[in-house]
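For reference, the structure is listed below as structure tokens.
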Amino acid sequence: LAPPLSVLSLSFRQVSGLLRRRFHRTAPAALQVTVREAINQGMDEELERDEKVFLLGEEVAQYDGAYKVSRGLWKKYGDKRIIDTPISEMGFAGIAVGAAMAGLRPICEFMTFNFSMQAIDQVINSAAKTYYMSGGLQPVPIVFRGPNGASAGVAAQHSQCFAAWYGHCPGLKVVSPWNSEDAKGLIKSAIRDNNPVVVLENELMYGVPFEFPSEAQSKDFLIPIGKAKIERQGTHITVVAHSRPVGHCLEAATVLSKEGIECEVINMRTIRPMDIETIEASVMKTNHLITVEGGWPQFGVGAEICARIMEGPAFNFLDAPAVRVTGADVPMPYAKILEDNSVPQVKDIIFAIKKTLNI
Amino acid sequence: MRKMLAAVSRVLSGVSQKPASRVLVASRNFANDATFEIKKCDLHRLEEGPPVTTVLTREDGLRYYRMMQTVRRMELKADQLYKQKIIRGFCHLCDGQEACCVGLEAGINPTDHLITAYRAHGFTFTRGLSVREILAELTGRRGGCAKGKGGSMHMYAKNFYGGNGIVGAQVPLGAGIALACKYNGKDEVCLTLYGDGAANQGQIFEAYNMAALWKLPCIFICENNRYGMGTSVERAAASTDYYKRGDFIPGLRVDGMDILCVREATRFAAAYCRSGKGPILMELQTYRYHGHSMSDPGVSYRTREEIQEVRSKSDPIMLLKDRMVNSNLASVEELKGRKLLTPVAGERREEGGLKQREPSTVLNASQALVSRAQDRPDAPR
């Protein structure tokens, strides 16, 4: 599989040089950092901070990462901390879990989460369940990370979203960053967390630059796992999403704002444990709800949000049924026009919002 | 009652070394040690193997004997408790295989690591947990080593990583523990066990590859008891030379019914790993008297005659006892005395275990997740 490369106009060395210089200034100006750079920074800082942290996966070392997310790390930390593995997901995921049981803090990269299915037994039965099964004796401080969900033209076997699958399992924490700040803060929190954490990145977001607030430039910048963020305040409808669709929701909100509809856009950031309180508080304010996700509709993230809203205090505040905007219930097709229509687009989100608001 | 249990527990965990009957022993002079010949191991990609003779001290012999007897009694007790429906679900017993768990432990240090599959009660004991904690866990009590949340297949101790239910999954885990050993640089090794049935799992070959590639201090150990559940080795494996299945990994085939053979082979394998040469593979040829689990009578795929023959000719406890008695390392009465002690203690232990309460709630003290580095869940009320 040849990974599609998004080439930056600046080389990484130039950007990271810039970043390093800016850390020493008293008032850093607004900085543009891509999601890829943010994850790289987060891992670099944690590798430096704790020598028990190490990274393993296919092509993470000498190739600089299949998607260049681990660029420069092998050169800096060497063979002991950055380990290239053979194509043996079940084997190396198990090895990573065993290392975590023995006290190390591995970051196990899946080239995409589609391949994690080969290793899913190790993620669930060996990692997720162990702390509970052992009556609290055996923690498993591991991070599983990699790109999740649809990409561009990679077809059915390489496009699945695993948010619902991993979100289903007690014992796991599951996070899904959208922008650079999310990516850095969440990977750092995941690495410092003593539980198994699944970090669902997004390949199409890797090359997207975002403004990096000054606090995100700190080596101790953490985003708490289990807390959603309200990206945009609104009054008419609550729009909940995770990962790349958050950006689509904000675009839809901008379009609708011109029509006088103000959307409150919530970036979940964490799939499990879900921050339902933030969503409930918002629904109690706006009285309307839609959820947006890239994954399939059945038994998905949106389904869980709707169920929990019904079970909680926000239900009585709904003026209309909640609507889920999801990926199409098909294996991802290849042809561009079919693929485009199999993932939620801005127009689908606008349509769902207007339908809910009965406009 | 508690004090008596505690005292019995101490004796059986081998901490003190007091003979059962002082009067009997005082009038006998035993040898301090004796040398025994042991079977030569079949070798794969090795020029030399473990030694063919070994010295057994009286002290070690008594300790091994007591440990094997304890495991045997504990397993038979578990059998009874299961039939009384006090133990539920899966229960895989290892009586017949005592020389494996006791022999392996004799060949390594407590600072080494061990992981196995679900036939784990014997290893849980030899790795340091008390019979009480084990039976309490099997009976779902709070005093169980996993607070009743794990059961038969999920018991953990220091440097013992279970107890794993998914066949073969423990092998990559063991290679990972070995990776941590190498990473930490403390000359520790990891014993990674699996059965003849699991030996055909693909992930084991993935683990072999990475362990050899990265020279991990991992001793892969195939406990070959001739049957993977109801399927004999001939019906499951194109090659039943499990000690050769590691291909590029050197291997040895060991008589798993002879504790001294197991001990010497383990010492040899551990020295090999500690020298930085990478992984090694041991096949222990052993036998289980019980079926695969308590749900399996164990006689539909093998004959009672076969089971009886192994019992009468190769029983590991009998083999050690005969050796010790014939070499004047111990007397028959002395060994019998210990044997008498164990079932009584076992009964009392079981009663003590049953008196404990079951865990109160499923999500007691948010035990599903660790929230801080030093977190351990609060003890249940």
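Every chain is numbered from 1, with letters handed out A, B, ... down the list of sequences.
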ask   = Based on non-hydrogen pairs under 4.5 Å, which of A:Pro106, A:Ser126, A:Gly98, A:Ala119 is most in contact with chain B?
value =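 Winner by heavy-atom pair count: A:Gly98.
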request  = Just give me the residue among A:Gly103, A:Pro141, A:Ala99 that pairs up with chain B most often, heavy atom to heavy atom, under 4.5 Å.
outcome  =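 Answer, by heavy-atom pair count under 4.5 Å with chain B: A:Ala99.
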ask   = Can you tell which of B:Gly162, B:Ala211, B:Gly176 has the highest number of heavy-atom pairs within less than 4.5 Å of chain A?
value =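 If we count pairs closer than 4.5 Å to chain A, B:Gly176 comes out on top.
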Sort [X] into side chain, backbone, both or neither according to what part of it lies under 4.5 angstrom from a heavy atom of chain A.
{"X": "B:Cys145", "result": "backbone"}
{"X": "B:Asn159", "result": "neither"}
{"X": "B:Ile166", "result": "side chain"}
{"X": "B:Leu213", "result": "side chain"}

query = Is any NZ, NE, NH1 or NH2 atom of the basic residue among A:Lys184 and A:Glu45 found under 4.0 Å from an Asp or Glu carboxylate oxygen of the other?
reply =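 Salt bridge between A:Lys184 and A:Glu45, a charged N being under 4.0 Å from a carboxylate O: yes.
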ask   = Counting distance only, does the side-chain N/O of A:Asp44 pair as donor-acceptor with the main-chain N or O of A:Asn40 below 3.5 Å?
value =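 Side chain of A:Asp44 to backbone of A:Asn40, a donor-acceptor pair under 3.5 Å: no, none is there.
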query = Is the Lys NZ or Arg CZ of A:Lys80 less than 6.0 Å from the centre of B:Tyr183's six-membered ring, within 45° of the axis?
reply =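 Yes, a cation-pi geometry.
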message = Could you walk me through whether B:His292 and B:Tyr118 satisfy the ring-ring contact (aromatic ring centres under 6.0 Å, His included) test, starting with their C-alpha distance in whole Å, then the side-chain angles of each, then the deciding distance to 0.1 Å, before giving a yes or no?
response = CA-CA 10 Å; B:His292 163 71; B:Tyr118 47 75; 5.5 Å; yes
request  = Using non-hydrogen atoms and a 4.5 Å limit, figure out which bit of A:Gln118 sits close to chain B: side chain, backbone, both or neither.
outcome  =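 A:Gln118 has no heavy atom closer than 4.5 Å to chain B.
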message = Counting only non-hydrogen atoms closer than 4.5 Å, does A:Lys129 touch chain B with its backbone (N, CA, C, O), its side chain (CB onward), both, or neither?
response =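 Neither part; nothing is under 4.5 Å.
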key: Crowding at NZ, B:Lys158 (>12 non-hydrogen neighbours, <6.0 Å)   =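 No, not enclosed.
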ask   = Under 3.5 Å, is there a donor-acceptor pair between the A:Tyr166 and A:Ser116 side chains?
value =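 Result is yes, a qualifying pair exists.
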ask   = For the residue pair B:Tyr208 and B:Phe220, does the interplanar ring angle fall in the parallel (under 30°), tilted (30 to 60°) or perpendicular (over 60°) class?
value =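 Correct class here is perpendicular.
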